[in-house]
Amino acid sequence: MKKSLALLLALLLCVSLYPAALGAETLSAVTAAAPEWVAEEDYLIFPGDPVYEPERWGRITALRAEAEAGALLPEEGRDWAEGSAGQCYETALLRLKYAGNAGEDEGLAKAAFLSAGKAFEAAESAWYDQGGGRDETYYRLRVEKYRAYLLYHPQYVDNWGRAIVPALDALGMTTADFFEAPHMERVGAETRDMVEQSANAYWSFYLPEKSRLTIYVDDILLQMDTQPQVKNQRTMAPVRALAEALGAEVMWDPETWQVTMTRAGHTVTMIPGETTAWVDGAPVEMDVAPYADQNRTYFPVRYAAQLFGQTVTWNAGERRVDITEDKEGTPAGELEAWAGPMSALLGFSEGGDPRRFGLYPRAPHTVTRRDENGVPREVELVPAEHCRAVLAGWEIGDREDLLAAVEELLETGNDPDFQAAAREVRYLSDSEIARRANRLGETDRYMWPRTKAMWNKWGEKGIRAWDLCRAVTLCQWGYTAGYVTYGEALDMARPAIEELAGTFTGWDEVYENFLEGYYWCLREDLGEKTVWETELGLGYLYLKNAPETRTLFNDDMFGASAER
């Protein structure tokens with residue numbers, strides 16, 4: 001027994017070497033064969049796995065011999081398994097043999113079955129992570145895992161149908177096949193009936209769900225009140241749900257049934273039953289016509305998405321349509337790398353994610369928000385509507401307003417107001433400002449000294465970061481709102497990005513200027529506080545240090561910009 005334990009420990013100690021070996025070719029790999037307690041047709045082999053290297057396979061062979069001689073589950077290492085898929089699988093097979101060796105010792109047998117289940121689960125996970133995905137090997141490991149868990153205890157799994165039905169379906173097995181395996185005679189009739197009933201109940205849910213089509217926009221499932229359909233081998237979706245997820249505004253004429261979709265200055269019109277759609281007045285022929293069904297107009301997903309500049313992909317195995325922005329031919333990476341941190345603070349203040357261009361996934365989704373009492377609540381966010389509401393707060397109600405606002409920020413913004421105020425005070429001494437204080441209004445008493453101090457610090461830079469960061473944030477909100485296309489948003493943001501990169505040397509400097517510009521325009525008396533102690537200042541410090549967002553604020557970007 002001590003020898004067996006020593007061999008097992010030696011085997012486990014070499015696990016840490018396996019990941020490094022996964023990418024290397026094995027030298028003189030052995031020809032693997034099933035142990036005597038596993039049928040050859042049930043045995044799995046993992047091509048190229050390091051477990052088949054001669055030295056490691058020698059350890060497996062020695063452990064098999066110990067198991068055949070009656071070895072029992074050792075205490076050390078019984079609660080875990082790690083390493084390559086092949087290593088974990090061979091460990092699981094050994095543990096099944098230990099369970100059989102336990103004889104009438106029910107406690108030890110159950111412990112071995114649980115231990116085997118964990119090893120099968122580790123093999124399943126390792127196989128998936130190594131690139132096997134959800135293939136036949138993955139599902140066979142999954143079946144073996146649940147067999148072992150059932151032998152351990154029927155209540156170990158909450159829903160047996162949900163656990164085993166997808167694997168049975170993938171392998172073409174029945175519930176009866178699940179019980180055709182070694183050791184399954186230990187499962188009593190009552191437990192078998194419970195598993196069969198759970199599986200039968202889940203099949204009734206699983207089969208319709210399996211055939212269901214899903215549409216994802218920016219990796220978010222598009223929730224619709226009616227399901228997509230297939231017609232003439234085309235996926236058809238309710239036009240309003242799809243178009244609004246892409247930021248389009250939809251109008252329907254009840255007399256003609258004409259549907260009009262407007263996004264980023266472009267208009268698409270179509271009529272159910274007609275294969276011709278009109279894009280800005282020009283005809284576009286489709287190979288399937290839209291149609292009406294149960295008071296919903298269905299439109300071919302591929303055409304609807306492509307007419308708005310999107311990429312559409314189809315995953316036949318998952319019956320899934322993915323719609324994403326078509327970024328081909330755009331300098332997306334570099335400009336998005338700047339747009340994220342420039343919009344981080346304003347975008348985050350409105351619940352956005354600065355790691356994503358547009359600040360939100362475009363499909364409606366559930367988010368957590370705090371109510372007026374600070375209690376977190378789950379609410380549905382419709383990103384296009386939300387961004388239109390945010391822009392409305394900036395007095396931007398449509399595409400033309402957005403274009404004008406961004407242009408104004410790029411050309412002037414609030415910086416001329418600061419420069420004009422600075423000209424009044426920059427040459428005044430502190431004593432002269434203090435002497436005039438009695439003649440000044442309440443606001444001017446603290447604004448004059450602040451303006452002079454800011455001029456001394458920033459000079460001609462003024463409060464330009466405040467203008468430039470706002471411009472880029474408006475571009476992102478405008479994109480998600482459907483006022484501008486992705487390419488337009490990048491083109492509009494580019495001048496602001498280039499000016500910021502050429503004016504400042506790091507993100508702390510950018511945001512100190514941004515914050516001072518914001519509070520200067522607000523005319524708020526900060527008293528003895530610095531801008532870093534304000535609510536917005538603390539927000540920036542949080543974003544800069546949070547694990548999710550800190551990588552956005554890379555000061556090396558400014559050096560790279562200077563080199564160009």
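These numbers come from the heavy atoms of this one structure, side chains and all, not from hydrogens, waters or symmetry mates.
- Gln476 is linked by a side-chain hydrogen bond (donor to acceptor under 3.5 Å, both in side chains) to Ser343, counting only residues two or more places apart in sequence or in another chain.
- Remark: Arg240 CZ to Met251 CE distance equals 9.5 Å, nearest 0.5 Å.
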Criterion side chain to side chain donor-acceptor pair (under 3.5 Å) on Thr505 and Glu509, from CA distance to verdict: CA-CA 7 Å; Thr505 59; Glu509 184 188 16; 2.8 Å; yes

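- Panel note: side chain Glu488, backbone Thr485; a donor-acceptor pair is recorded below 3.5 Å.
- Inter-residue side-chain proximity for Arg302 and Thr235 is flagged as unmet; no heavy-atom pair is nearer than 4.5 Å.
- No hydrogens or angles considered: a donor-acceptor pair under 3.5 Å links the side chains of Trp520 and Thr451.
- For the ring pair (Phe, Tyr, Trp, His ring centres under 6.0 Å) test with Trp532, the passing option among Tyr519, Tyr511, Tyr540 is Tyr540; the others fail.
- Side-chain contact between Arg319 and Leu213 is present, with heavy atoms from C-beta onward closer than 4.5 Å.
- Partners of Phe357 by ring-ring contact (aromatic ring centres under 6.0 Å, His included), not counting sequence neighbours, listed by chain and number: Tyr479, Tyr486.
- A 4.5 Å side-chain heavy-atom check between Trp507 and Lys544 finds every atom pair outside the cut-off.
- Atom CZ of Arg388 and atom CG of Asp398 lie 11.5 Å apart (nearest 0.5 Å).
- With hydrogens and angles ignored, the 3.5 Å screen pairs no side-chain donor or acceptor of Glu244 with any backbone N or O of Ala241.
- Looking at Asp353, its side chain never comes within 3.5 Å of a backbone N or O of Leu359 through a donor-acceptor pair.
- The distance from the OG1 atom of Thr534 to the OH atom of Tyr518 is 8.5 Å, given to the nearest 0.5 Å.
- For an aromatic pair to be called close, the ring centres must be under 6.0 Å apart, and Tyr483 with Trp477 fails this.
- Side chains of Pro383 and His365 form a contact here, defined as non-hydrogen atoms less than 4.5 Å apart.
- Taken to the nearest 0.5 Å, the CH2 atom of Trp455 stands 7.0 Å off from the CZ atom of Phe418.
- Of the candidates Lys461, Arg464, Lys457, Lys457 is the only one forming a salt bridge (Lys or Arg N to Asp or Glu O under 4.0 Å) with Glu516.
- The pair Arg296-Asp293 fails the salt-bridge criterion, with no side-chain N (NZ, NE, NH1 or NH2) lying under 4.0 Å from an Asp/Glu carboxylate O.
- Glu328 CD: 12 or fewer foreign heavy atoms inside a 6.0 Å radius.
- Open room surrounds CG on Asn295; 12 or fewer heavy atoms of other groups in view lie less than 6.0 Å from it.
- Between Glu336 and Arg356 there is no salt bridge, since no side-chain N of the basic residue sits under 4.0 Å from a carboxylate O of the acidic one.
- More than 12 non-hydrogen atoms from other residues, nucleotides or ligands lie less than 6.0 angstrom from OH of Tyr138.
- Side-chain atoms of Asp467 come within 3.5 Å of backbone N or O of Asn414 as a donor-acceptor pair.
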Please report, to 0.1 Å, the donor-acceptor pairs under 3.5 Å made by any side chain of residues 265-277, with sequence neighbours excluded.
from, atom 1, to, atom 2, distance (Å)
His266, ND1, Asp280, OD2, 2.7
Thr276, OG1, Glu285, OE1, 3.3
Thr276, OG1, Glu285, OE2, 2.5

Criterion side chain to side chain donor-acceptor pair (under 3.5 Å) on Arg362 and Gln310, from CA distance to verdict: CA-CA 12 Å; Arg362 291 172 293 167; Gln310 308 296 298; 2.8 Å; yes

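- To the nearest 0.5 angstrom, Trp127 atom CH2 is 6.5 Å from Phe46 atom CZ.
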Chi angles and distances behind the salt bridge (Lys or Arg N to Asp or Glu O under 4.0 Å) call for Asp322, Arg320: CA-CA 6 Å; Asp322 273 282; Arg320 166 174 168 163; 2.7 Å; yes

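- Residues Met342 and Leu500 have side chains in contact (heavy-atom distance under 4.5 Å, counting atoms from C-beta outward).
- In this structure, the side chains of Val284 and Trp278 stay at 4.5 Å or more apart for every pair of heavy atoms.
- Trp394 is listed as a side-chain neighbour of Val390, based on a closest heavy-atom distance under 4.5 Å.
- Leu526 is listed as a side-chain neighbour of Val531, based on a closest heavy-atom distance under 4.5 Å.
- Here Phe514 and Trp466 bring their ring centres to under 6.0 angstrom of each other.
- For the atom pair CG (Leu345) and CG (Leu515), the distance works out to 6.5 Å, reported to the nearest 0.5 Å.
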